[in-house]
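Report on one structure; see the data block that follows.
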Amino acid sequence: MNDAKPNANFPACRQSFAARTWLLLYLAGIVTITFIHQPAILAIMLAGALLVSGKERWRHLRRTMLAILVFNLTISAGYIAVCLWQGAFSLNYLLLVNLRAILMAYLGFWFVGKVSILDAVAGWHTVSLLATLAIGQIKTFERILADFRAAFESRNLARPGWLARSRHAAAQAQTLLDKSFAASNEAAQAMRSRGVFDD
């Protein structure tokens with residue numbers, strides 16, 4: 001007679017194992033991308049990622065483009081300016097830098113949308129603590145931005161001008177910076193008091 005009892009934690013363990021497997025695959029993919037220097041291969045990989053992403057592909061792509069738009073435009077404009085000065089423009093390099101950044105960012109959004117970060121780092125005490133703190137800060141900032149947006153919309157019945165939107169964005173940035181500095185200082189002190197940092 002088999003008296004063994006089923007492990008109630010087995011589903012959670014299996015979920016954690018699957019999430020950790022996805023994390024390792026994601027990290028391996030990111031490292032692999034850094035060793036690829038052919039834009040055509042990166043473009044094929046990006047197309048493959050879009051193909052297997054399912055119904056969420058366009059949402060992930062939109063978030064990717066919004067997240068890296070300023071970065072890519074700045075890098076591309078700087079590179080083009082230097083090339084015009086030196087007379088050594090390379091379209092291959094420009095495509096390489098942009099495709100690599102887009103693919104990495106897209107995989108990041110895809111991974112976050114598919115896998116629970118806390119499940120992926122379960123069992124790693126320090127990493128789990130850092131992930132919990134980071135997620136908490138993200139949720140706090142999302143709430144602050146939502147409050148700012150609601151307050152701004154309630155004070156402007158008509159579409160505000162560029163100057164008003166710029167001032168509003170500056171106020172948001174200042175608040176987020178102040179909040180992040182204060183929160184990071186509190187988190188560092190709390191972690192140091194618990195022995196996370198040995199300094």
Side-chain angles (χ1 to χ4, degrees), residues 22-54 56-115 117 120 127 130-131 133-135 137-138 140-142 144-145 148-149 152 159-185 187-188:
W22 276 110
L23 174 61
L24 295 176
L25 288 174
Y26 165 72
L27 294 176
I30 293 298
V31 173
T32 301
I33 290 170
T34 62
F35 287 97
I36 297 176
H37 303 287
Q38 290 77 30
I41 297 178
L42 292 176
I44 292 173
M45 293 177 67
L46 178 59
L50 287 169
L51 185 63
V52 300
S53 297
E56 297 294 317
R57 64 172 65 93
W58 302 121
R59 186 170 71 91
H60 293 329
L61 183 60
R62 177 178 176 274
R63 295 174 66 185
T64 298
M65 299 309 296
L66 289 175
I68 68 172
L69 180 62
V70 175
F71 171 79
N72 275 29
L73 286 177
T74 303
I75 297 299
S76 299
Y79 173 73
I80 292 173
V82 172
C83 287
L84 291 176
W85 176 47
Q86 297 181 345
F89 178 76
S90 173
L91 180 61
N92 186 77
Y93 177 78
L94 190 62
L95 290 174
L96 174 66
V97 171
N98 283 276
L99 284 172
R100 182 177 287 164
I102 292 172
L103 181 56
M104 286 183 170
Y106 183 85
L107 291 179
F109 283 115
W110 183 27
F111 173 75
V112 171
K114 184 179 183 63
V115 180
I117 299 296
V127 179
L130 292 174
L133 291 173
I135 292 173
Q137 289 303 305
I138 291 172
T140 300
F141 291 158
E142 286 180 347
I144 292 174
L145 288 174
F148 264 99
R149 187 177 299 111
F152 188 64
R159 180 176 175 80
W162 180 84
L163 183 59
R165 294 199 303 270
S166 299
R167 289 175 177 173
H168 178 68
Q172 286 187 63
Q174 182 64 48
T175 300
L176 291 178
L177 283 174
D178 292 342
K179 182 70 176 178
S180 63
F181 280 127
S184 62
N185 186 45

Would you give the length of the straight line joining atom [atom1] of [X] to atom [atom2] of [Y], rounded to the nearest 0.5 angstrom?
X      : Y     : atom1 : atom2 : answer
Leu73  : Ile68 : CG    : CD1   : 9.5 Å
Tyr106 : Leu99 : OH    : CG    : 14.5 Å
Leu69  : Thr74 : CG    : OG1   : 8.5 Å

Inset, instruction - Please identify each residue that fulfils side-chain hydrogen bond (donor to acceptor under 3.5 Å, both in side chains) with Glu142, with sequence neighbours left out. - result: none
Legend entry - Residues in side-chain hydrogen bond (donor to acceptor under 3.5 Å, both in side chains) contact with Thr64, at least two apart in sequence or another chain: none
Could you list the donor-acceptor pairs under 3.5 angstrom formed between side-chain atoms of residues 87-98 and any protein atom two or more places apart in sequence or on another chain?
residue, atom, partner, partner atom, Å
Ser90, OG, Tyr93, N, 3.3
Asn98, OD1, Asn72, ND2, 3.0
Asn98, OD1, Ser76, OG, 3.3
Asn98, ND2, Ser76, OG, 3.1
Asn98, ND2, Leu94, O, 2.7

Inset, instruction - Please check if the side chain of Arg57 supplies one atom and the backbone of Leu51 the other of a donor-acceptor pair under 3.5 Å. - result: yes
Which atom pairs, one a donor and one an acceptor, fall under 3.5 Å between side chains of residues 24-43 and the rest of the protein, sequence neighbours left out?
residue, atom, partner, partner atom, Å
Thr32, OG1, Ala28, O, 2.7
Thr34, OG1, Val31, O, 2.5
His37, ND1, Arg100, NH2, 3.3

Legend entry - Partners passing salt bridge (charged side-chain N to carboxylate O under 4.0 Å, His left out) against Arg59 (at least two apart in sequence or in another chain): Glu56
Legend entry - Closest heavy-atom pair and its distance - His60, Phe109: CE1-O, 3.8 Å
Inset, instruction - Could you tell me whether the side chain of Leu23 reaches within less than 4.5 Å of the side chain of Val115, counting heavy atoms only? - result: no
